[in-house]
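Encoded as structure tokens, the structure appears first; notes follow it.
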Amino acid sequence: MTALLHVEGLGKRFGGFVALDGIELEVQGGERLGLIGPNGSGKSTLVNCICGTLQNETGSVRFADQALDGLSAHERTRRGLARSFQLPRPFASLSLAENLRIPILYAVNARGTGAIAGPAINARCRDLLGEVGLAEKADRLPRDLTQIEMRKLELARAMAAQPKLLIADEAMAGLLHAEVDEIIALLIRLNGQGVTVIMIEHIMRAVMEFSQRLAVLVAGKKIADGAPKDVVRDAEVVRAYLGE
Amino acid sequence: MDVSLDLLMNAMISGLLLGGFYAAVSIGLLGMAVYQVYYVAFERRDDQSLRGLSFFFGLLFIAEVGLILVFGVDYRSVNARYIGPSLQLVLFDLPWRLLVPFLVSMAMAIGLQIFLSRSFLGRAIQAVAQDQLALQLMAANPTRIKRIAFGLSIATAALAGACLIIIQPVEPSIGREYIGRVFAICVLGGLGSFPGMMIAAMTLGIVESLTSTFFGPSWAPAVAFGVLLVTLAVRPSGILGR
Amino acid sequence: MRGTPFILILIAIAAVIFGLARWLDNSYAFFVGYVVVQYIVLGTAWNILGGYTGYVNFGITAFFAIGAYSSVVLHKLVPAMPLPAMIVVGGVMAGIVGIGTGYLTLRLRGVFFSIATLALAVVVQTLITNWDFVGGARGAYVLRPRVAPLIGGGYIDYLFLIMLGLCVAALATARAIERSALGFGFAAIRDDEAAAEASGVPTLRLKLIATGLSGGFMGMAGAPLPFYVTYLDPASGFSLNYAVNAIAMPLIGGTSSWLGPVVGAVLVGGLQEYLRVTISSAVNVLVAGVLMVVFVIIAPQGIVGLFKRKR
């Protein structure tokens, strides 16, 4: 079976700074992958290169047996790649329901099959908001939301694009213990519906609970990849996190 | 050449510089006040693009109409001894009316560059463009830095305006021609690059001058936009940009 | 079609206004009416790009004058050409220039686009000033027919009717955009371009559609101008007043809906006309600028926003 996402020899520089150096990564369909690494290790750059926000200089990204290189971000979203942003970026002048309408109109309906039309769009937006527990606020503006509700909206918007792969970029940073549990449960439920999930996270408890496999990025290189229990015991990983 | 001309020139240049400086300082203070309004009304509300830009456009229009109400729509010029004569060199003449603004501008640009690269305040101004949060963590107030930068930039522009009236007669809407030029120079040189700006400014000056000579002065304003379009199409980061 | 009742209502209102002006039979009413309706079209056109996508176009005069001067050219080449055909040509020309400028500058940050449009206005003015065929810096005279075609009466009646028709078209387009997928895409771009891309919105294509439509309507608004003024020179065709009014009116009225530019144009246009008659023409041009600055500071949502129920 070929992998759903296949990253090969991916490299990216900013001026003289090497942000990513020869990254190899495979993600199987239906998998739950955790991606960790210290600040500045290149996690967000990797997400941006996979999603098309940045263009990688070397290497290639293949998704669902198609090369993504050179495609813009919206074309990748249409092919089934969705992401949430580290800092929530809602459409501030649109209501919550309308926020979810955008990916339905522009990602789902651009695929040719499974288009949603007319009143069904609104129903679908409200269903999705219901799934993340925001149904009552469907007609409110994002500025009325709390931190955790904002994260939920961010995830709901990514889910609205009906992705094959969802990349959750630090969806839990700054949340309370119970709130973290809520988001983990949400992502696991989503995975149960057949969506492959990559979770980028600093909160180790969350990563360990969620991930079936763990990859570690340090200084633009992947230094470990395997079962979570083995990876966190890996000497190199321990050194990168705790110092010599 | 008359011996006393040298002395006279010096006196006049310093007089001009002083007058321009006074004007620039007062306009710089006005600029800082404008930034404060902009900050309170737009930046703090995070509403910079649409309404913030329109705010500045409104100010441009108000300033222009205000000048028309005071000075009328006609061209105005100034008289000074050095505006007529030229500095005669062996092969060509250098008219003082171009040489004086050139020297003043060069001195100002180089001085500004030294300030920006050497002093703490100058470096803070460059830093604020890159990362406001980091600057805040280093206990510098980005708003204050930007207020100073804004005042400084308005003052520089005002001094350049004071030089312009030596070069040619001016009228209230003449500023609009310079928006395109300045933008073309900044983009061509690469934003934030001092050497790039210098090269771009010189290039644009030469191309415009050649255009005026061979096709007529009425074509000169189109040069900047041509340069701009070519730059944006071929190399959007500018010649010395990142 | 979903928008049909709205268009019918607009047409009915336009018909009533036109009938009223005819009944008054006062050419001054036609002249003032033309100016106000022209500003509704200009303001709506600006708002399609500025209000909906958040990209500020300062080069309104470029598009407006492209429309006006294409009419001058067409009138010289084919004197018998009917005005509506000239309007279509002017609109297409301005729309193409809009898409071209947009293609080169819209990939950059919003501020770059704004300054580039301001530069565009200077360049188009330079080109027109140097083009002898349309009169160059001296300007061109356009003889308008004494009697209006089809409807009879003065030619200004006809110009007013044409502008009313254009206004109906512009408002219907703006409202259709607001309620369509296109409108939601525009709003997503305005709020957060990166998030819009991540949600599948083809941002560059949508921005080009907006610049094309916006520029096109500005060109159409300018196309009848030579017949209105009968003498057109670059200084008046490229007057900054058009640009300031076209930006000020939507901002004062409110940028979030099609109604904003209408409210702004009627209020500001009316006030300007009142001041022009009572005080002086120099003061009336200041009004739009000052009101715009005041409104963007104290009432960012505009007049329509003040009346809208807070969600």
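In what follows, chains carry the letters A, B, and so on, assigned in the order in which the sequence lines appear, proteins first and then strands, with residues in each chain numbered from 1.
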Return a table of donor-acceptor pairs under 3.5 angstrom between the side chains of residues 237-245 of chain C and protein atoms on other chains or two or more places apart.
{"unit_1": "C/Ser239", "atom_1": "OG", "unit_2": "C/Asn241", "atom_2": "N", "d": "3.1"}
{"unit_1": "C/Asn245", "atom_1": "OD1", "unit_2": "C/Gln272", "atom_2": "NE2", "d": "3.1"}
{"unit_1": "C/Asn245", "atom_1": "ND2", "unit_2": "C/Tyr39", "atom_2": "OH", "d": "3.0"}
{"unit_1": "C/Asn245", "atom_1": "ND2", "unit_2": "C/Asn241", "atom_2": "O", "d": "3.3"}

Identify every side-chain donor-acceptor pair in residues 56-64 of chain C under 3.5 Å, counting partners at least two apart or on other chains, and give the distances.
{"unit_1": "C/Asn57", "atom_1": "OD1", "unit_2": "C/Gly59", "atom_2": "N", "d": "2.6"}

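Atom CZ of C/Phe133 has more than 12 neighbouring heavy atoms from other residues, nucleotides or ligands inside a 6.0 Å radius.
Your options are C/Ala137, C/Ala121, C/Ala119, C/Gly136, and the one with the most heavy-atom pairs under 4.5 Å with chain B is C/Ala119. Looking only at heavy-atom pairs under 4.5 Å with chain C, the residue among B/Phe215, B/Phe56, B/Phe57 that has the most is B/Phe57.
Considering OG1 of C/Thr105 and CZ of B/Phe183, their distance stands at 8.0 Å, rounded to 0.5 Å. Distance check, rounded to the nearest 0.5 Å: CG of C/Leu127 to OG of B/Ser218 gives 10.5 Å. Note that the CG atom of B/Leu60 and the CG atom of C/Leu118 stand 7.0 Å from one another [nearest 0.5 Å]. Atom-to-atom distance recorded for C/Leu251:CG and B/Ser54:OG is 4.5 Å, nearest 0.5 angstrom.
With a 4.5 angstrom heavy-atom cutoff, B/Leu69 touches chain C only via side-chain atoms. For chain B, the nearby parts of C/Leu120 are the backbone and the side chain; heavy atoms of each come within less than 4.5 Å. Residue contact with chain B, scored on non-hydrogen atoms closer than 4.5 Å, involves the backbone and the side chain of C/Ala116 alike.
Contact annotation: the side chain of C/Val293 never approaches that of B/Phe61 to less than 4.5 Å [non-hydrogen atoms, C-beta and beyond]. The shortest side-chain heavy-atom distance between C/Met292 and B/Phe55 does not fall under the 4.5 Å cut-off.
Among pairs with a residue in residues 194-204 of chain B, none fulfils salt bridge (Lys or Arg N to Asp or Glu O under 4.0 Å), at least two apart in sequence or across chains.
Using a 4.5 Å heavy-atom cut-off against chain C, no residue of residues 197-207 of chain B qualifies as contacting.
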